[in-house]
Amino acid sequence: MEISYERKHNDSFMVIDGNGKSIDYENKMINANHISSLLTMSSFALDGKEKRSYTISRKENLEDFIDAHDITIEMLERIIINLQLALDEVGKYLIDEQHIWLSKESVFLEKSNENYKLSLCYYPGEFGSVQEQFRQLMEFFLSKASQADRESAKQLYMAYDLCLKDDYTLEEIIDCLQDREYKESYQDNDEYVQEPEIERPEIYVEKVTLEEDPDMDYLTNYYEEDEPKYSFVEKLLSATKDIISKRKPVKDEEDIYTEDFLVEPDYELEEKTVLLTEAKAVGKLVYDGNNNEDDFIINKDIFRIGSSKNNDAILKARTVSGNHGKITKEGDDFFLVDNNSLNGTLLNGNILSYRIPYKLKPMDIIQFASESYVFM
């Protein structure tokens, strides 16, 4: 099953190309009723294959949402409560639960005031039961948990322990997370059960190197120390992350840009003397607008841009979304990604599609909504 993303004017779409077969009854129920907890969907055929397109405008999937926030017990409570409410609504229409795809790529969130509306993806495949799929989501949450907050980590592991049962319910998970005065049920020992990883649907996202397209639509620092002693919870977190983390996808080696550039970046080195063999590529965003925004050194492998305070580059313009986009660094290369922002991200005048990485080159013009930058 392959996922691609498209943007047309101000609307964004997730397109799934797979072998899902239409279920007449479920299609009729979805088409005849407004099921608010489901992504708006349409089906079409292309080259003899059935594709399904889902409207995801102004939404971000669970993976991007968690990556952009510090994960807390309160946040997970809200997400799981909204997930239970969404599943309850779908169940009223007798939609098979195995046709609801629960993954970090397919569960979407949309901010509404201080709350988030959760939307589910219907696809007539065989994704497994809610319990099986949610167990994988809990593994993802664990991989993002902070080791600094020991009490929250314990509580999160108690909730995950419930997921190892075959007959658990989301209500049990919610009750566990909401129990502020819970009694410690974990004793300091070095044994725990490892849950085998469930095979997940393969996701394919194509990396794109953007070129000008005249037919395209447009928008305006070491000391030796004794080996540290880790607590039981920290051992659990470290071990679980090793088990359930995935290998980082390898990007295509092809690069359609054949012209080489030699650029002297305008920045100060942190070290007075650096061997040439140790020099690393550094990127910079130079502001090219009229609203007194700042310039930014891209000093992280994942450099987040937006108007909210949890970003690395914080823009003041109201047209910029809270979690607008990001620049990722791989080796000496930089890639620009739009996070399904409301007003869009443009590269050299071309609107970007959600989640697709576009390779940057020196002097590229980047627009985060109304704010323009030059990449150097």
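- The salt bridge (Lys or Arg N to Asp or Glu O under 4.0 Å) contacts involving residues 63-73 comprise E63-R355, D64-R355, D67-K144, where partners must be two or more places apart or lie in separate chains.
- Residues N291 and Y287 come closest through the heavy atom pair N-OH, 2.9 Å.
- In this structure, S37 contributes its side chain and E89 its backbone to no donor-acceptor pair below 3.5 Å.
- Contacts of N299 classified as side-chain hydrogen bond (donor to acceptor under 3.5 Å, both in side chains), with partners at least two apart in sequence or in another chain: none.
- For K28, the side-chain hydrogen bond (donor to acceptor under 3.5 Å, both in side chains) test picks out no residue, with sequence neighbours left out.
- The ring pair (Phe, Tyr, Trp, His ring centres under 6.0 Å) test applied to Y93 returns no partner, not counting sequence neighbours.
- Under the ring pair (Phe, Tyr, Trp, His ring centres under 6.0 Å) criterion, F108 pairs with no residue at all, not counting sequence neighbours.
- Between L94 and M29 the shortest side-chain heavy-atom distance does not fall below 4.5 Å.
- Remark: S43 engages R52 in a side-chain hydrogen bond (donor to acceptor under 3.5 Å, both in side chains) (not counting sequence neighbours).
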Fill in: Evaluation steps, side chain to side chain contact (heavy atoms under 4.5 Å, CB included), between F13 and K8
CA-CA 8 Å; F13 304 90; K8 298 178 182 178; 4.3 Å; yes
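- Hydrophobic clustering (ILVMFWY, side-chain heavy atoms < 4.5 Å, transitive): I302 and I298 are in distinct clusters.
- Under the 4.5 Å side-chain heavy-atom criterion for grouping Ile, Leu, Val, Met, Phe, Trp and Tyr, F134 is connected to L85 within one hydrophobic cluster.
- Residues L39 and T55 come closest through the heavy atom pair CD2-O, 3.7 Å.
- The stretch residues 311-322 participates, sequence neighbours left out, in these salt bridge (Lys or Arg N to Asp or Glu O under 4.0 Å) pairs: E293-K316, K300-D312.
- Residues H99 and E126 have side chains in contact (heavy-atom distance under 4.5 Å, counting atoms from C-beta outward).
- I305 and V337 fall into different hydrophobic clusters, where Ile, Leu, Val, Met, Phe, Trp and Tyr residues are linked whenever their side-chain heavy atoms come under 4.5 Å apart, directly or through other members.
- Side-chain contact check for I100 versus Y122: some heavy-atom pair is nearer than 4.5 Å.
- Residues passing the salt bridge (charged side-chain N to carboxylate O under 4.0 Å, His left out) test with K59, sequence neighbours excluded: E110.
- Every residue two or more places apart in sequence or in another chain that forms a salt bridge (charged side-chain N to carboxylate O under 4.0 Å, His left out) with D17 is listed here: K51.
- Remark: side-chain polar atoms of E105 are not paired, donor with acceptor, to backbone N or O of N61 under 3.5 angstrom.
- A distance-only check finds no donor-acceptor pair linking the side chain of E371 to the backbone of G289 [under 3.5 Å].
- Under the ring-ring contact (aromatic ring centres under 6.0 Å, His included) criterion, the residue pairs touching residues 59-86 are F65-H69, F65-Y116, with sequence neighbours excluded.
- The shortest heavy-atom contact between F44 and S53 is CE2-CB, 3.9 Å.
- N323 meets the side-chain hydrogen bond (donor to acceptor under 3.5 Å, both in side chains) test with E60, N339; sequence neighbours excluded.
- Listed for the Y54 side chain is no donor-acceptor partner under 3.5 Å among the backbone atoms of L120.
- Inter-residue side-chain proximity for D338 and S12 is flagged as unmet; no heavy-atom pair is nearer than 4.5 Å.
- Cluster membership for L342 and V320, using ILVMFWY side-chain heavy atoms within less than 4.5 angstrom, is not shared.
- I314 pairs by the side chain to side chain contact (heavy atoms under 4.5 Å, CB included) definition with N311, not counting sequence neighbours.
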